[in-house]
Amino acid sequence: MKRIIYVCMMVAGLLLAMPAKAWKGTSPNGMLTMEVNNGHLKLFYAARQVMDIVIDQRATMPRQVAARRLSEEYQMLTGKRLHCTNEGNEYRVGGMVLRLYNDGLAFRYENQNENGKEPTAYIIPEGTKRWMQQWSDGYEGFFPMSTTANVKTLGGFGGSITQNENNTHWGYPLLVEPGKQNENQNENENVFALITEANIEQGQSASSLFNEGETFRVVPDKRDEQGKPWPGHTPWRVVIVGTLAEVVQSTLVTDVSEPSKIADTSWIKPGVVSWVYWAYNHGSNDFNIIKKYVDMAVALGLPYVLIDAEWDEMDKVASNEGKTIEDAVAYANAKGVKPLIWYNSSIGWINGAPGPKFRLNKPEDREKEFAWCEKIGVAGVKIDFFSGDTQQNMDYCIDLLESAARHHLLVNFHGAPIPRGWQRTWPNLMSTEGVYGAEWYNNVPHFTKKAAAHNATLPFTRNVIGPMDYTPCAFSDSQHPHITSHAHELALTVLFESGLQHLADRPESFLAQPAMVQYFLGHLPSVWDETRLVSGNPADHAVIARRSGATWYVAGINGTDAEKTVALNLNFIQGKRITSFADSGNADNPWTITQPGALPASVKMQPRGGFVLVIR
C-alpha cells in the first residue's frame with residue numbers, strides 16, 4: 001500500500017482568545033460552519049442550519065481555542081475510491097477535538113473517564129424527514145422514510161413497519177433531510193446529514209442512539225471491565241453533510257480512522273465470490289455441491305469460492321466418501337479458484353447454530369487455526385454470528401483482523417455490526433454484513449415486496465459508511481420469490497460496494513444467462529477508482545457510476561412499482577464503447593442487451609427494474 005501522506009499545519013494566529021460563551025469554526029472551503037454556545041453545536045451548510053448537537057458544556061465556554069489545518073492523502077485497497085484526499089480544520093477546546101471537513105463534522109472527547117456518561121445528543125425535530133433502522137445486534141433492518149421518531153422499523157424475522165409504536169433504540173447510520181430552504185430549490189440541491197461513528201479502537205465499545213422525543217442520545221454499549229485498557233478518548237462521532245451526491249461520495253468514515261497497520265498488503269486481493277448458502281439455505285458439508293460452485297467460478301472466471309458453514313461435518317456425509325474440508329480446498333486451488341471458509345464466532349448464536357465453533361475465541365486456538373488455513377491454501381475467512389456493539393465484541397473483531405493479517409487471510413464479518421472505519425486500519429477486512437440482505441429471501445416472505453425500495457435506500461444509508469455484504473444478484477428464486485427484475489439484480493453488483501462481492505444465485509441459473517451477462521460477471525471489479533452519484537432519492541431510485549481503470553460502470557435501479565424515466569448526466573464519462581443491459585419485459589427472454597453508439601440522455605426503467613451501462 002502506498003504510504004500515507006499526512007500534513008498538519010498550525011494556522012497562524014488561530015490560538016484564539018474567544019468570548020466566554022460562544023465561538024465559531026469553519027471548513028476549509030467555507031461551506032460548513034459551526035456555532036458553539038451554551039452546550040450546543042449548531043452545524044450549518046451554506047449558512048443553512050442542518051443539525052443541532054448537544055455536546056459537553058466545557059467545550060462551549062472556552063477561554064481559548066487551539067486550531068490547526070489538516071490535509072491528508074492515503075490509499076485504500078477497497079471502497080468507493082482508492083486514492084482518498086481530505087482537508088479539515090481542527091479545533092481543540094474543553095477536552096474535545098472537533099474537525100470540520102469539507103464534507104462533514106467529526107468530534108470526540110479526550111481524557112474522559114471511560115465509564116462516564118457521554119453528553120452527545122442529536123436534536124431531530126418532529127416533521128424532519130429521516131431514514132433510520134431499529135437497532136439490532138446484526139444491524140439487519142429496513143430504513144423506511146418517516147417524519148417522526150414515533151415509528152417502529154423492524155427487520156429480521158419480524159420485518160414489520162408499524163407506525164405509532166414508540167421504539168427508542170436506533171442503529172447507525174441515520175440519514176436526515178432538514179427540508180428545503182425555499183420552494184424553488186432544485187431537488188438535487190437538498191441538504192442531507194448522515195450520522196454515524198468511526199475508528200473503534202481496542203478498549204472501546206461502539207455506540208448507538210436512544211431517543212427521548214426529538215433528542216437522540218449517543219449511548220456507548222457495555223464495557224468489559226476485564227477487557228483492553230481504555231485508550232483515553234471516545235471514537236469519532238461523525239456527521240456527513242451535503243447534497244445526496246456529496247453524502248454518497250464521502251470517505252469521511254475512513255478519513256478519521258487510523259492508517260493501515262499492515263506493512264505489506266501485496267497479498268490482499270479483493271474479488272468476486274461464488275457462494276453456496278442462498279440456493280440451499282444450508283452450509284457446505286456436501287463435497288459435490290462445493291465442486292459445482294468451484295466449477296461455476298471457473299466457468300465465469302471468478303477468483304473466489306466460499307465454503308460456508310458445516311464444513312467440519314463433511315467427512316460424516318456418506319455421499320462424500322470420506323472427503324474433508326482439506327479435499328475441498330485442494331480441489332478449488334487445483335482449479336485456480338481461491339477458497340474462503342466460514343467460522344462461527346461463538347459469541348453470538350451458539351446453541352443450535354452451525355459450526356465449526358470455538359476455534360477462534362482463545363488467542364492460541366485462533367493462531368493455530370489461522371496457521372492451518374494458511375498452510376492448506378485458504379485465502380480468507382468469513383466469521384459469523386457476533387453479538388452487537390459491546391467492547392468485548394469490538395476487541396474480539398480487532399484481534400481477529402490482526403491474527404488473520406499475520407497469516408495472510410482476508411476477512412468478511414457476517415452477522416456483525418456495521419463497519420466503522422476498520423477497512424482502512426485493517427485492509428484485509430474486505431466486507432461486513434450489517435445489512436438486511438438477499439439471504440433473507442430464505443427466511444421471511446415480507447422481503448419480497450419490500451426489497452426494491454430497500455435496495456434503492458441502501459446506497460444513501462448503509463453503504464455510505466463502508467463495504468456491505470448484501471450478497472446480490474439472483475435471477476432465480478430461493479425459499480421466497482423475488483419480484484425485482486433481472487437487470488435490477490445485475491445492477492446491484494455495481495450499485496452495492498463490497499471488497500468481496502458474493503454472488504447469490506445457483507450455478508445453473510448463472511450459466512443459463514446470455515454469454516454477455518456471464519462475461520460481465522467474470523470481469524466485474526469489486527474495487528473502484530472513483531464513485532459518483534448520478535441520480536437518486538432513497539426508496540425511489542438510485543443511479544451510481546463507478547470507475548475501474550479506464551472503464552465506467554453505470555448502474556441504476558427503480559425502487560418503485562411504477563415505470564420510471566430518469567435523466568442521466570454522464571458528461572464526465574468519455575468512453576466510446578458502450579454495452580447496455582436492460583429489461584426486455586418478456587418473461588421468456590428477459591434481457592435487452594445492446595451496444596448503443598452514444599451514451600443515453602435518459603433511461604426508462606420497468607417497475608422494480610434496472611439497467612447497467614459498461615463504458616470502455
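The structure displayed is predicted, hence computed values, not measured ones.
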Side chain to side chain donor-acceptor pair (under 3.5 Å) with Thr493: which residues, sequence neighbours excluded?
none
Measure from NZ or CZ of Arg424 to the centre of the six-membered ring of Tyr74 and say whether it is under 6.0 Å with the direction within 45° of the ring axis.
yes
Give the table of side-chain donor-acceptor pairs shorter than 3.5 Å for residues 505-516, with sequence neighbours excluded, one pair per line with atom names and distance.
from, atom 1, to, atom 2, distance (Å)
Asp505, OD1, Ser476, OG, 2.5
Asp505, OD2, Phe475, N, 2.7
Asp505, OD2, Ser476, N, 3.0
Asp505, OD2, Ser476, OG, 3.4
Asp505, OD2, Ser509, OG, 2.5
Arg506, NH1, Ser476, OG, 2.7
Arg506, NH1, Asp477, O, 3.1
Arg506, NH2, Ala279, O, 3.2
Glu508, OE2, Lys292, NZ, 2.9
Gln513, OE1, Trp591, NE1, 2.8
Gln513, NE2, Ser509, O, 3.0

Can you list the residues that meet the salt bridge (charged side-chain N to carboxylate O under 4.0 Å, His left out) rule with Lys261, with sequence neighbours excluded?
Glu258
Using the salt bridge (charged side-chain N to carboxylate O under 4.0 Å, His left out) criterion, which residues pair with Lys291? Sequence neighbours excluded.
none
Would you mind listing every ring-ring contact (aromatic ring centres under 6.0 Å, His included) that reaches into residues 277-310, with sequence neighbours excluded?
Trp275-Tyr277
Asn393 versus Ser387, side-chain donor and acceptor atoms under 3.5 Å:
yes
Go through the structure and list residues passing side chain to side chain donor-acceptor pair (under 3.5 Å) with Asp583, not counting sequence neighbours.
Ser485
Where is the tightest heavy-atom contact between Leu521 and Cys473, given as atom of each residue plus distance?
CD2-SG, 4.4 Å
Residues passing the side chain to side chain contact (heavy atoms under 4.5 Å, CB included) test with Gln423, sequence neighbours excluded, are Met76, Thr78, Thr254, Pro419, Pro467
Using salt bridge (charged side-chain N to carboxylate O under 4.0 Å, His left out) as the criterion, list what pairs up with Arg547, not counting sequence neighbours.
Glu530
Please check: side-chain N/O of Thr448 versus main-chain N/O of Pro481, any donor-acceptor pairing under 3.5 Å?
yes
Quick one: list whatever passes salt bridge (charged side-chain N to carboxylate O under 4.0 Å, His left out) with Glu201, sequence neighbours left out.
none
List the residues meeting side chain to side chain donor-acceptor pair (under 3.5 Å) with His502, not counting sequence neighbours, and say none if there are none.
Asp469
In His414, Lys382, Glu369, the residue satisfying side chain to side chain donor-acceptor pair (under 3.5 Å) with Tyr343 is Glu369
Any residue meeting side chain to side chain contact (heavy atoms under 4.5 Å, CB included) with Ile615, in chain and number order, not counting sequence neighbours:
Trp552, Val554, Ile573, Ile578, Leu599, Leu613
Identify, with sequence neighbours excluded, every residue that meets side chain to side chain contact (heavy atoms under 4.5 Å, CB included) alongside Arg406.
Glu367, Glu402, Ser403
